[in-house]
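Okay, so here's the structure we're looking at.
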Amino acid sequence: MVVADFNIVDDRLADVSLSGDFFLEPDSALADINAALTGLPVDASAKEITAAVESSLASDVSMLGFSPSAVSVAVRRALARATAWSDHQWEVIRPQALSTEVNVALDEVLTEEVGAGRRNPALRIWEWREPAVVIGSFQSLRNEVDPEGARRHGVKIVRRISGGGAMFMEGGNCITYSLYLPQTLVDGLSFVDSYPFLDTWVMASLEEMGIKAWYQPLNDIATDAGKIGGAAQKRLGSGGMVHHVTMSYDIDADKMVEVLRIGQEKLSDKGTTSAKKRVDPLRRQTGMSREQIIDTMINTFTARYGAAESTVTSDEMARATERVGTKFGTEEWLARVP
(Lines give C-alpha, C1' and ligand atoms only; values in the text may rest on other atoms or scores of the structure.)
Protein backbone atom coordinates (compact mmCIF):
# COMPACT_ATOMS: atom_id res chain seq x y z
CA MET A 1 0.00 0.00 0.00
CA VAL A 2 1.25 3.48 -0.90
CA VAL A 3 0.13 6.74 0.69
CA ALA A 4 0.95 10.13 -0.82
CA ASP A 5 0.95 13.25 1.34
CA PHE A 6 1.59 16.67 -0.17
CA ASN A 7 0.54 20.30 -0.36
CA ILE A 8 -0.59 22.14 -3.45
CA VAL A 9 1.09 25.44 -4.33
CA ASP A 10 0.19 27.28 -7.54
CA ASP A 11 -1.52 24.14 -8.89
CA ARG A 12 1.60 22.03 -8.42
CA LEU A 13 2.56 19.32 -5.93
CA ALA A 14 4.69 20.55 -3.04
CA ASP A 15 6.29 18.92 0.02
CA VAL A 16 5.60 15.43 -1.35
CA SER A 17 6.09 12.57 1.10
CA LEU A 18 5.40 8.93 0.22
CA SER A 19 4.85 6.28 2.87
CA GLY A 20 3.48 2.76 3.11
CA ASP A 21 4.15 -0.89 3.90
CA PHE A 22 6.42 -1.37 0.91
CA PHE A 23 10.15 -2.21 0.69
CA LEU A 24 12.63 0.02 -1.09
CA GLU A 25 16.38 -0.32 -1.51
CA PRO A 26 18.44 1.77 -1.17
CA ASP A 27 16.63 4.00 1.35
CA SER A 28 17.82 7.11 -0.45
CA ALA A 29 15.56 6.27 -3.39
CA LEU A 30 12.55 7.48 -1.40
CA ALA A 31 13.90 11.02 -1.36
CA ASP A 32 14.57 10.79 -5.10
CA ILE A 33 10.98 9.74 -5.78
CA ASN A 34 9.59 12.52 -3.57
CA ALA A 35 11.76 15.03 -5.40
CA ALA A 36 10.60 13.77 -8.80
CA LEU A 37 6.98 14.23 -7.80
CA THR A 38 7.47 17.67 -6.30
CA GLY A 39 6.57 20.36 -8.79
CA LEU A 40 4.37 18.20 -11.01
CA PRO A 41 1.14 19.94 -12.07
CA VAL A 42 -2.00 18.73 -10.32
CA ASP A 43 -3.51 17.79 -13.68
CA ALA A 44 -0.59 15.54 -14.64
CA SER A 45 -1.82 12.32 -16.18
CA ALA A 46 -1.21 8.90 -14.66
CA LYS A 47 1.26 8.22 -17.46
CA GLU A 48 3.18 11.44 -16.73
CA ILE A 49 3.39 10.72 -13.01
CA THR A 50 4.58 7.17 -13.63
CA ALA A 51 7.22 8.44 -16.04
CA ALA A 52 8.46 10.99 -13.48
CA VAL A 53 8.90 8.26 -10.87
CA GLU A 54 10.65 5.94 -13.31
CA SER A 55 13.07 8.68 -14.36
CA SER A 56 14.12 9.17 -10.73
CA LEU A 57 15.12 5.54 -10.18
CA ALA A 58 18.75 4.54 -10.46
CA SER A 59 19.59 1.19 -12.00
CA ASP A 60 20.26 -0.39 -8.57
CA VAL A 61 16.88 0.54 -7.06
CA SER A 62 14.65 -2.34 -5.95
CA MET A 63 10.92 -1.71 -5.36
CA LEU A 64 9.05 -4.48 -3.52
CA GLY A 65 5.32 -4.28 -2.82
CA PHE A 66 4.77 -1.28 -5.07
CA SER A 67 5.68 0.19 -8.44
CA PRO A 68 5.85 3.54 -10.25
CA SER A 69 2.29 3.04 -11.45
CA ALA A 70 1.15 2.35 -7.87
CA VAL A 71 2.72 5.65 -6.82
CA SER A 72 0.81 7.34 -9.65
CA VAL A 73 -2.49 5.86 -8.47
CA ALA A 74 -1.79 7.00 -4.88
CA VAL A 75 -1.03 10.55 -6.01
CA ARG A 76 -4.10 10.79 -8.23
CA ARG A 77 -6.27 9.23 -5.55
CA ALA A 78 -5.09 11.90 -3.12
CA LEU A 79 -6.05 14.47 -5.75
CA ALA A 80 -9.50 12.82 -6.11
CA ARG A 81 -8.63 11.92 -9.68
CA ALA A 82 -8.45 8.20 -8.91
CA THR A 83 -10.83 6.23 -6.72
CA ALA A 84 -11.09 2.88 -4.95
CA TRP A 85 -14.00 0.43 -4.83
CA SER A 86 -14.81 1.64 -1.32
CA ASP A 87 -15.16 5.24 -2.50
CA HIS A 88 -18.42 4.38 -4.28
CA GLN A 89 -21.89 3.21 -3.30
CA TRP A 90 -22.35 0.18 -5.54
CA GLU A 91 -25.66 -1.18 -6.71
CA VAL A 92 -26.83 -4.52 -8.15
CA ILE A 93 -29.47 -4.78 -10.86
CA ARG A 94 -30.89 -8.30 -10.94
CA PRO A 95 -31.86 -10.07 -14.18
CA GLN A 96 -34.83 -8.79 -16.15
CA ALA A 97 -35.81 -10.50 -19.40
CA LEU A 98 -35.26 -8.03 -22.24
CA SER A 99 -34.52 -8.18 -25.94
CA THR A 100 -30.82 -8.37 -26.80
CA GLU A 101 -31.05 -4.99 -28.53
CA VAL A 102 -32.38 -3.37 -25.35
CA ASN A 103 -29.62 -5.04 -23.32
CA VAL A 104 -26.87 -3.49 -25.45
CA ALA A 105 -28.69 -0.15 -25.52
CA LEU A 106 -28.92 -0.18 -21.73
CA ASP A 107 -25.16 -0.68 -21.57
CA GLU A 108 -24.70 2.65 -23.34
CA VAL A 109 -27.40 4.50 -21.40
CA LEU A 110 -26.30 3.31 -17.95
CA THR A 111 -22.63 4.01 -18.73
CA GLU A 112 -23.59 7.56 -19.68
CA GLU A 113 -25.59 7.92 -16.46
CA VAL A 114 -22.66 6.82 -14.28
CA GLY A 115 -20.27 9.07 -16.18
CA ALA A 116 -22.60 12.03 -15.63
CA GLY A 117 -22.94 11.25 -11.93
CA ARG A 118 -26.68 10.64 -12.15
CA ARG A 119 -26.41 6.97 -11.16
CA ASN A 120 -24.25 5.06 -8.74
CA PRO A 121 -21.81 2.51 -10.19
CA ALA A 122 -23.60 -0.78 -10.70
CA LEU A 123 -23.44 -4.45 -11.57
CA ARG A 124 -26.23 -5.59 -13.92
CA ILE A 125 -26.92 -9.22 -14.73
CA TRP A 126 -28.36 -9.66 -18.21
CA GLU A 127 -31.36 -11.75 -19.17
CA TRP A 128 -32.67 -12.03 -22.72
CA ARG A 129 -35.48 -13.66 -24.64
CA GLU A 130 -33.99 -14.93 -27.90
CA PRO A 131 -30.82 -16.69 -29.05
CA ALA A 132 -28.43 -14.01 -30.20
CA VAL A 133 -25.00 -13.17 -31.51
CA VAL A 134 -23.55 -9.95 -30.13
CA ILE A 135 -20.62 -8.78 -32.24
CA GLY A 136 -17.93 -6.33 -31.20
CA SER A 137 -18.08 -2.70 -32.24
CA PHE A 138 -15.32 -3.08 -34.83
CA GLN A 139 -16.01 -6.57 -36.18
CA SER A 140 -17.01 -7.24 -39.76
CA LEU A 141 -20.58 -8.49 -39.89
CA ARG A 142 -20.07 -10.75 -42.91
CA ASN A 143 -16.79 -12.15 -41.59
CA GLU A 144 -18.24 -13.11 -38.20
CA VAL A 145 -21.78 -14.31 -38.84
CA ASP A 146 -23.30 -16.80 -41.29
CA PRO A 147 -26.65 -15.16 -42.12
CA GLU A 148 -28.22 -18.42 -43.32
CA GLY A 149 -27.29 -20.19 -40.09
CA ALA A 150 -28.63 -17.27 -38.05
CA ARG A 151 -31.95 -17.32 -39.93
CA ARG A 152 -32.28 -21.09 -39.63
CA HIS A 153 -31.88 -21.01 -35.87
CA GLY A 154 -33.77 -17.75 -35.26
CA VAL A 155 -30.66 -16.04 -33.94
CA LYS A 156 -30.80 -12.26 -33.48
CA ILE A 157 -27.65 -10.39 -34.55
CA VAL A 158 -26.76 -7.26 -32.58
CA ARG A 159 -23.69 -5.01 -32.45
CA ARG A 160 -22.52 -3.65 -29.07
CA ILE A 161 -20.54 -0.49 -28.23
CA SER A 162 -17.44 -2.27 -26.94
CA GLY A 163 -14.71 -3.93 -28.96
CA GLY A 164 -13.67 -7.57 -28.74
CA GLY A 165 -15.09 -10.71 -30.27
CA ALA A 166 -18.49 -12.15 -31.06
CA MET A 167 -20.59 -13.74 -28.32
CA PHE A 168 -23.07 -16.55 -29.07
CA MET A 169 -25.76 -16.24 -26.41
CA GLU A 170 -28.71 -18.53 -25.81
CA GLY A 171 -31.22 -17.64 -23.12
CA GLY A 172 -30.49 -19.72 -20.04
CA ASN A 173 -27.19 -21.03 -21.39
CA CYS A 174 -24.86 -18.08 -20.71
CA ILE A 175 -24.18 -15.74 -17.83
CA THR A 176 -23.60 -12.16 -18.92
CA TYR A 177 -23.04 -9.17 -16.66
CA SER A 178 -22.04 -5.53 -17.05
CA LEU A 179 -20.21 -3.25 -14.66
CA TYR A 180 -20.92 0.48 -15.03
CA LEU A 181 -18.24 2.53 -13.32
CA PRO A 182 -16.32 5.80 -13.38
CA GLN A 183 -12.98 5.58 -15.13
CA THR A 184 -11.37 6.94 -11.97
CA LEU A 185 -11.57 3.40 -10.59
CA VAL A 186 -9.04 2.16 -13.15
CA ASP A 187 -6.96 5.33 -13.22
CA GLY A 188 -3.30 4.46 -13.63
CA LEU A 189 -3.99 0.90 -14.74
CA SER A 190 -3.17 -0.30 -18.24
CA PHE A 191 -5.99 -1.79 -20.32
CA VAL A 192 -4.43 -5.23 -19.77
CA ASP A 193 -4.37 -4.81 -15.99
CA SER A 194 -7.85 -3.31 -15.78
CA TYR A 195 -9.53 -6.54 -16.90
CA PRO A 196 -8.45 -8.80 -14.01
CA PHE A 197 -8.72 -5.86 -11.59
CA LEU A 198 -12.41 -5.36 -12.37
CA ASP A 199 -13.11 -9.09 -12.16
CA THR A 200 -11.28 -9.89 -8.92
CA TRP A 201 -14.66 -10.47 -7.28
CA VAL A 202 -15.65 -12.89 -10.08
CA MET A 203 -12.52 -14.98 -9.55
CA ALA A 204 -13.33 -15.14 -5.84
CA SER A 205 -16.90 -16.17 -6.60
CA LEU A 206 -15.79 -18.88 -9.02
CA GLU A 207 -13.31 -20.19 -6.46
CA GLU A 208 -16.12 -20.41 -3.91
CA MET A 209 -17.92 -22.62 -6.44
CA GLY A 210 -14.86 -24.83 -6.85
CA ILE A 211 -13.44 -23.28 -10.03
CA LYS A 212 -9.90 -21.93 -10.14
CA ALA A 213 -9.95 -19.31 -12.90
CA TRP A 214 -7.58 -16.68 -14.22
CA TYR A 215 -7.22 -14.10 -16.98
CA GLN A 216 -5.41 -14.88 -20.21
CA PRO A 217 -4.48 -11.49 -21.69
CA LEU A 218 -6.15 -9.59 -22.98
CA ASN A 219 -9.69 -10.56 -22.14
CA ASP A 220 -10.24 -14.33 -21.80
CA ILE A 221 -11.24 -16.01 -18.53
CA ALA A 222 -9.77 -19.52 -18.42
CA THR A 223 -9.51 -22.61 -16.23
CA ASP A 224 -7.56 -25.84 -16.51
CA ALA A 225 -10.47 -27.12 -18.62
CA GLY A 226 -10.16 -24.25 -21.10
CA LYS A 227 -11.79 -20.90 -21.75
CA ILE A 228 -15.03 -20.21 -19.90
CA GLY A 229 -15.66 -16.59 -20.83
CA GLY A 230 -14.54 -13.35 -22.41
CA ALA A 231 -14.67 -9.69 -21.45
CA ALA A 232 -14.91 -6.38 -23.29
CA GLN A 233 -14.81 -2.70 -22.33
CA LYS A 234 -15.87 0.70 -23.62
CA ARG A 235 -14.76 4.02 -22.14
CA LEU A 236 -16.86 7.08 -22.92
CA GLY A 237 -15.74 10.68 -23.08
CA SER A 238 -18.10 11.47 -20.18
CA GLY A 239 -15.83 9.59 -17.78
CA GLY A 240 -18.00 6.49 -17.50
CA MET A 241 -17.07 3.03 -18.71
CA VAL A 242 -18.68 -0.37 -19.13
CA HIS A 243 -16.90 -3.66 -18.50
CA HIS A 244 -18.93 -6.71 -19.48
CA VAL A 245 -18.35 -10.44 -19.44
CA THR A 246 -20.12 -13.44 -20.97
CA MET A 247 -19.42 -16.87 -19.50
CA SER A 248 -20.63 -20.17 -20.97
CA TYR A 249 -23.02 -22.17 -18.82
CA ASP A 250 -24.28 -24.77 -21.34
CA ILE A 251 -23.94 -23.79 -25.03
CA ASP A 252 -25.12 -25.80 -28.03
CA ALA A 253 -21.80 -26.01 -29.88
CA ASP A 254 -23.35 -27.40 -33.08
CA LYS A 255 -25.66 -24.41 -33.33
CA MET A 256 -22.87 -21.99 -32.43
CA VAL A 257 -20.59 -23.12 -35.26
CA GLU A 258 -23.44 -22.93 -37.76
CA VAL A 259 -23.97 -19.29 -36.83
CA LEU A 260 -20.43 -18.02 -36.21
CA ARG A 261 -18.00 -18.25 -39.11
CA ILE A 262 -15.00 -18.31 -36.78
CA GLY A 263 -16.39 -21.49 -35.24
CA GLN A 264 -16.65 -23.08 -38.68
CA GLU A 265 -13.05 -22.14 -39.47
CA LYS A 266 -11.79 -23.67 -36.23
CA LEU A 267 -13.59 -26.93 -36.90
CA SER A 268 -12.40 -26.96 -40.51
CA ASP A 269 -8.80 -26.53 -39.35
CA LYS A 270 -9.26 -29.62 -37.21
CA GLY A 271 -10.90 -31.63 -40.01
CA THR A 272 -14.15 -31.82 -38.04
CA THR A 273 -17.60 -31.35 -39.54
CA SER A 274 -19.63 -31.09 -36.35
CA ALA A 275 -18.96 -30.30 -32.72
CA LYS A 276 -21.52 -32.92 -31.55
CA LYS A 277 -21.33 -31.56 -28.05
CA ARG A 278 -22.24 -28.77 -25.71
CA VAL A 279 -19.82 -26.21 -24.31
CA ASP A 280 -20.77 -26.42 -20.64
CA PRO A 281 -17.85 -25.41 -18.41
CA LEU A 282 -19.83 -23.73 -15.63
CA ARG A 283 -22.56 -26.36 -15.45
CA ARG A 284 -20.09 -29.23 -15.60
CA GLN A 285 -17.45 -27.79 -13.26
CA THR A 286 -19.85 -26.56 -10.56
CA GLY A 287 -22.82 -28.94 -10.78
CA MET A 288 -24.93 -25.87 -9.96
CA SER A 289 -27.92 -24.40 -11.75
CA ARG A 290 -27.46 -21.15 -13.64
CA GLU A 291 -29.63 -19.36 -11.08
CA GLN A 292 -27.49 -20.67 -8.21
CA ILE A 293 -24.33 -19.43 -9.92
CA ILE A 294 -25.84 -15.99 -10.50
CA ASP A 295 -26.95 -15.79 -6.85
CA THR A 296 -23.45 -16.74 -5.69
CA MET A 297 -21.91 -14.05 -7.90
CA ILE A 298 -24.31 -11.40 -6.65
CA ASN A 299 -23.71 -12.41 -3.03
CA THR A 300 -19.93 -12.20 -3.51
CA PHE A 301 -20.16 -8.77 -5.12
CA THR A 302 -22.56 -7.48 -2.46
CA ALA A 303 -20.44 -8.75 0.43
CA ARG A 304 -17.21 -7.28 -1.00
CA TYR A 305 -18.48 -3.86 -1.95
CA GLY A 306 -21.55 -3.27 0.23
CA ALA A 307 -23.78 -3.12 -2.83
CA ALA A 308 -27.47 -2.27 -2.54
CA GLU A 309 -30.33 -3.59 -4.67
CA SER A 310 -31.39 -1.33 -7.54
CA THR A 311 -33.43 -1.38 -10.73
CA VAL A 312 -33.37 0.23 -14.15
CA THR A 313 -35.51 3.36 -13.91
CA SER A 314 -38.43 3.97 -16.23
CA ASP A 315 -36.56 6.89 -17.78
CA GLU A 316 -33.46 4.77 -18.43
CA MET A 317 -35.56 2.02 -19.97
CA ALA A 318 -37.40 4.52 -22.17
CA ARG A 319 -34.11 5.98 -23.39
CA ALA A 320 -32.72 2.52 -24.10
CA THR A 321 -35.85 1.56 -26.04
CA GLU A 322 -35.63 4.79 -28.03
CA ARG A 323 -31.97 4.11 -28.77
CA VAL A 324 -32.88 0.71 -30.20
CA GLY A 325 -34.97 2.53 -32.78
CA THR A 326 -32.33 5.12 -33.59
CA LYS A 327 -29.16 3.05 -33.30
CA PHE A 328 -28.92 -0.52 -32.04
CA GLY A 329 -31.87 -1.87 -34.01
CA THR A 330 -30.89 -0.22 -37.27
CA GLU A 331 -29.19 -1.82 -40.24
CA GLU A 332 -26.87 1.19 -40.41
CA TRP A 333 -25.42 0.40 -36.96
CA LEU A 334 -25.39 -3.37 -37.43
CA ALA A 335 -23.53 -3.10 -40.75
CA ARG A 336 -21.29 -0.17 -39.76
CA VAL A 337 -18.41 -2.55 -40.50
CA PRO A 338 -19.88 -4.63 -43.37
Side-chain angles (χ1 to χ4, degrees), residues 1-58 61-91 111 113-123 179-201 233 235-243 301 304-308:
M1 181 177 178
V2 185
V3 177
D5 293 300
F6 50 80
N7 294 315
I8 298 176
V9 178
D10 296 330
D11 291 329
R12 292 184 176 273
L13 306 186
D15 307 316
V16 179
S17 176
L18 293 183
S19 61
D21 56 1
F22 51 77
F23 298 91
L24 180 64
E25 295 291 343
D27 289 355
S28 58
L30 184 59
D32 294 335
I33 296 174
N34 289 338
L37 295 171
T38 299
L40 288 179
V42 295
D43 60 354
S45 67
K47 185 177 181 179
E48 290 169 335
I49 297 172
T50 299
V53 174
E54 290 174 340
S55 68
S56 73
L57 302 176
V61 171
S62 178
M63 303 176 74
L64 298 175
F66 76 132
S67 65
S69 62
V71 173
S72 173
V73 170
V75 170
R76 288 179 61 82
R77 192 164 286 161
L79 289 165
R81 286 173 166 80
T83 56
W85 291 91
S86 58
D87 293 326
H88 304 284
Q89 174 56 64
W90 291 89
E91 297 178 346
T111 303
E113 289 298 283
V114 170
R118 293 187 292 265
R119 165 179 275 281
N120 287 329
L123 164 70
L179 280 175
Y180 311 105
L181 59 137
Q183 293 173 37
T184 53
L185 186 63
V186 296
D187 188 275
L189 294 177
S190 68
F191 273 94
V192 173
D193 290 339
S194 70
Y195 280 88
F197 172 75
L198 292 175
D199 282 332
T200 301
W201 65 277
Q233 294 181 0
R235 305 185 186 203
L236 302 184
S238 64
M241 67 176 287
V242 58
H243 170 94
F301 187 87
R304 279 196 166 218
Y305 306 127

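Atom set for the values below is all heavy atoms of this structure, side chains included, hydrogens, waters and symmetry mates excluded. None of these values were measured; they are calculated from a predicted model.
With hydrogens and angles ignored, the 3.5 Å screen pairs a side-chain donor or acceptor of Arg77 with a backbone N or O of Thr83. A donor-acceptor distance shorter than 3.5 angstrom exists from the side chain of Asp87 to the backbone of Ala84, with no hydrogens or angles considered. Formation of a donor-acceptor pair under 3.5 Å by the Arg81 side chain with backbone atoms of Arg76 is not found in this model. In terms of modelled atom types and a separation under 3.5 Å, the side chain of Gln233 and the main chain of Val242 share no donor-acceptor contact. No donor-acceptor distance shorter than 3.5 angstrom exists from the side chain of Ser67 to the backbone of Met63, with no hydrogens or angles considered. In terms of modelled atom types and a separation under 3.5 Å, the side chain of Asn34 and the main chain of Leu18 share a donor-acceptor contact.
Ring geometry, Phe66 versus Phe22: the interplanar angle falls under 30°, so the pair is classed parallel (tilted spans 30 to 60°). Under the 30°/60° scheme for interplanar angles, the aromatic rings of Trp90 and Trp85 are found to be tilted.
In this structure, the side chains of Leu64 and Leu24 stay at 4.5 Å or more apart for every pair of heavy atoms. Two residues are said to be in side-chain contact when any heavy atoms from C-beta on lie closer than 4.5 Å; Thr111 and Ser238 fail this criterion. In this structure, the side chains of Val186 and Leu189 come closer than 4.5 Å at one or more pairs of heavy atoms.
The two atoms that bring Ala82 and Asp187 nearest to each other are CB-CB, 3.6 Å, heavy atoms only. Taking every heavy atom of both residues into account, Ser56 and Ala36 meet most closely at CB-CB, 3.6 Å. Here the closest heavy-atom approach between residue Gln183 and residue Gly240 is recorded as NE2-O, 2.9 Å. Ile8 approaches Leu79 most closely through the heavy-atom pair CD1-CD2, 3.8 Å. Closest non-hydrogen pair, Asp5 versus Ser19, comes out as OD2-OG, 4.3 Å. Of all the heavy atoms in Trp201 and Arg304, the pair that sits closest is CB-CD, 3.9 Å.
Each of Leu40, Thr50, Leu37 was compared with Val75 under the side chain to side chain contact (heavy atoms under 4.5 Å, CB included) criterion, and only Leu37 meets it. Just one residue in the list Asp15, Thr38, Val16 forms a side chain to side chain contact (heavy atoms under 4.5 Å, CB included) with Asn7, and that residue is Asp15.
A cation-pi arrangement, defined by a distance under 6.0 Å to the six-membered ring centre and an angle within 45 degrees of its axis, is present between Arg235 and Phe191.
His243 and Tyr180 have their aromatic ring centers separated by at least 6.0 angstrom.
Donor-acceptor pairing under 3.5 Å is lacking for the side chains of Asn120 and Gln89.
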